[in-house]
A.B. asks: 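Pasting a structure below so you can have a look.
None of the values given here were measured: they were computed from a predicted structure. Values below: all heavy atoms of this structure, side chains included; hydrogens, waters and symmetry mates excluded. Each chain gets a letter, A, B and so on, in the order its sequence line appears, and its residues count up from 1.
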Amino acid sequence: MIKFDQVSKRYPKSQEALKNVSFDIEQGEFVFVTGHSGAGKSTLLKLIAAIEKPTTGTVLIGNQNISKLRKAAIPYLRRKFGVIFQDHKLLYDRNCYENVALTLYINGVTGNEAAKRVRAALDKVGLLNKEKAMPITLSGGEQQRLAIARAVVGRPAILIADEPTGNLDENYASEIMAFLYAFQQVGVTVIVATHEIPDVVKTPVKVLSLQHGELTLNSMTKGMTE
Amino acid sequence: MKKWINQHLHPLKTVLTRMKRNFISTLMMCCVMGVTLSLPGVLYIIIDNLGKLAGNVQSEPQISLFLKLDISKESLANIEKQLKSNPDVSNYHFESKDDAWQELKKNAGASDVAGLLDKNPLPDAYFVNPKSIDPNTINRLQSQMQNWEGVELAQADANWVKRLDTVLKLGKKAILILVVLLAFALIAVIGNTIRLQILTQREEIEVSKLIGATNNFVRRPFLYAGAMYGLGGGIAAWIILVGIIRLFNFSVVEIADLYASNFRLEFPSLTVSIVIILSAISLGWLASFITVNRALSQFEKNTT
């Protein structure tokens, strides 16, 4: 589904963020991308989500080479992904409902159909009673859940989360992870960047470890139960 | 189809809500456009009306040949012959001094004058219609006839209509230039307003693009905003125009009455009104199209 072949990424006037990275991700897998900050995790995710293009090498997403993609086709590719950004990127000038609905408006879904799906997504993350609340009034964990709702309301095939538990305490963090597992259970490919893998992993996961832009580990772990 | 309509209805609704929220600044924007657009509008109305006024006067040039009072029979026959043979003359008619005298007496306003005179002071005259309306030809013809024997005065009396026509043409050119200059100014003003809106919605644009919005999606609400400003501005311009004409007509009626004319400034026709409003809408649309495209290309440079 996602294939990196000797991918390097260099930003202008800086060192290579990724060096010769190759790996495959199958549909329905749960993937952790780990490494210290600055190891290239975010860059990797941005390449997957077609937000950045590789300097050299090829990135194939569903057999599409993103380097060769026409500019006008990129938005349609991005709609296959649900992205949970490191800094949420919620819009603070509108309420929770409108934040989630934005994804659907972009997909051309409005009206009753949109309302149904927005409420379903909010319900899934337990924020249905807060649909009229402004995001700024929510707690950190709630904001993160709102970001998840926005990412999944478009029914993406791939869910990408950049440090979703970064600033949260342990309770919230495991709650968020539980949501992500739940999506993987229904067939969504889930890719999570994190600086440390949670102790309790309920499902077999693939781990991609990055160090200074190089892939140092690419392995499957067995799922553990508590 | 329904999806397509929704994609347009939704941003339109968003824009209208935003405009309602910033009602005062929207109103100001429309007034600025209205005042600017009404300037060439007023000029057009003036020139259009002057043109109609001039159109009432016979616009075909005519040369009047007033003959000497003591003209001999030979000279008269000679003139007749020359007129007949001249290739530039389309037709002519002769009016004897007695006919002219009778006509003058019939004319109510001049009857007193005629009564005061005991002798007919009028000369015989030829009224000549030249073939061409080109001022140069007419001038040449006029000076040629002036030199004929027995001609007291050759007068090209429609020249002033031509001059007015030329002035009106000049006026129309001036309007065109004014329209172009003001259009530039309006594009700058609307563009600036849209640019500020883009700045305040920068985050929304960034997030939308990241989660798969096409450029069309990002552009749409701003294009609608520009077009809406145009619509408001066009309507404002029309109201200003009609107001000015009404105000002027009070005075125009007074002046026209003095000349026993029922001339009035005409209100802009349906076509002119539609043209004003449509061009205002397209100006607004164009201005925001240019601005949003510039912002989008700048934004793309920053991210990838």
Side-chain angles (χ1 to χ4, degrees), chain A residues 9 11-12 45-47 49-55 66-67 69-94 98-114 135 147 150-154 156 158-160 162, chain B residues 1-23 25-26 194 196-225 289 292-304:
Chain A
K9 175 71 187 176
Y11 290 105
L45 294 193
K46 280 178 182 162
L47 284 168
I51 292 168
E52 303 274 4
K53 283 183 178 174
T55 314
I66 66 163
S67 305
L69 220 50
R70 280 183 309 119
K71 225 184 202 171
I74 289 176
Y76 298 96
L77 178 65
R78 284 188 190 157
R79 290 180 199 175
K80 290 186 186 164
F81 301 104
V83 184
I84 300 156
F85 298 98
Q86 198 166 2
D87 51 352
H88 309 329
K89 291 208 192 296
L90 295 171
L91 296 172
Y92 293 100
D93 63 344
R94 62 199 68 195
E98 289 295 328
N99 262 286
V100 177
L102 181 66
T103 309
L104 293 179
Y105 296 158
I106 286 169
N107 283 294
V109 182
T110 55
N112 287 339
E113 163 82 6
R150 187 181 65 188
V152 301
V153 74
I158 304 164
L159 191 60
I160 298 170
D162 194 358
Chain B
M1 187 63 191
K2 191 166 170 257
K3 189 171 164 182
W4 185 84
I5 292 173
N6 274 339
Q7 275 178 343
H8 286 265
L9 268 184
H10 189 262
L12 188 61
K13 261 188 242 161
T14 319
V15 165
L16 288 179
T17 345
R18 267 185 206 142
M19 285 187 159
K20 218 161 106 191
R21 213 184 304 147
N22 305 314
F23 184 69
S25 63
T26 307
I194 298 286
L196 288 179
Q197 284 178 9
I198 292 173
L199 280 183
T200 58
Q201 275 152 251
R202 203 187 158 74
E203 235 176 86
E204 178 184 353
I205 295 172
E206 280 180 10
V207 171
S208 302
K209 292 268 306 178
L210 284 177
I211 58 181
T214 55
N215 281 350
N216 275 337
F217 179 88
V218 174
R219 257 196 295 256
R220 228 171 266 138
F222 295 108
L223 293 184
Y224 274 117
F289 186 78
V292 179
N293 271 4
R294 242 188 35 205
L296 276 175
S297 65
Q298 234 162 22
F299 174 79
E300 263 159 33
K301 234 182 271 162
N302 288 346
T303 48
T304 50

A.B. asks: Could you look at A:L77 and say if it's the side chain, the backbone, both or neither that has a heavy atom under 4.5 Å from chain B?
C.D. replies: neither

A.B. asks: Tell me which of these, B:G212, B:S208, B:P11, has more heavy-atom pairs under 4.5 Å with chain A than the rest.
C.D. replies: B:G212

A.B. asks: Output all residues satisfying salt bridge (charged side-chain N to carboxylate O under 4.0 Å, His left out) with A:K71, sequence neighbours left out; order by chain, then residue number.
C.D. replies: B:E300

A.B. asks: Check whether any side-chain heavy atom of B:I211 lies under 4.5 Å from a side-chain heavy atom of A:I106, and answer yes or no.
C.D. replies: yes

A.B. asks: Among B:N216, B:N215, B:T214, exactly one meets side chain to side chain contact (heavy atoms under 4.5 Å, CB included) together with A:P75. Which residue is that?
C.D. replies: B:T214

A.B. asks: What residue in B:H10, B:E203, B:K209 has the most heavy-atom pairs under 4.5 Å with chain A?
C.D. replies: B:H10

A.B. asks: Can you list the steps and then say if B:K13 with A:T110 is a side-chain contact (heavy atoms from CB on, under 4.5 Å)?
C.D. replies: CA-CA 12 Å; B:K13 261 188 242 161; A:T110 55; over 6 Å; no

A.B. asks: Crowded around A:Y11 OH? As in, over 12 foreign heavy atoms under 6.0 Å?
C.D. replies: yes

A.B. asks: Give a yes or no on this: more than 12 heavy atoms of other residues, nucleotides or ligands lie within 6.0 Å of atom CG of A:N112.
C.D. replies: no

A.B. asks: Taking all heavy atoms of B:F217 and all of A:Y105, pick out the closest pair and write down the distance.
C.D. replies: CE1-O, 3.4 Å

A.B. asks: Could you grab the distance from atom OG1 of B:T14 to atom CD of A:E98, nearest 0.5 Å is fine?
C.D. replies: 8.0 Å

A.B. asks: Looking at residues at least two apart in the chain, or sitting in another chain, which of them share a salt bridge (charged side-chain N to carboxylate O under 4.0 Å, His left out) with B:R294?
C.D. replies: none

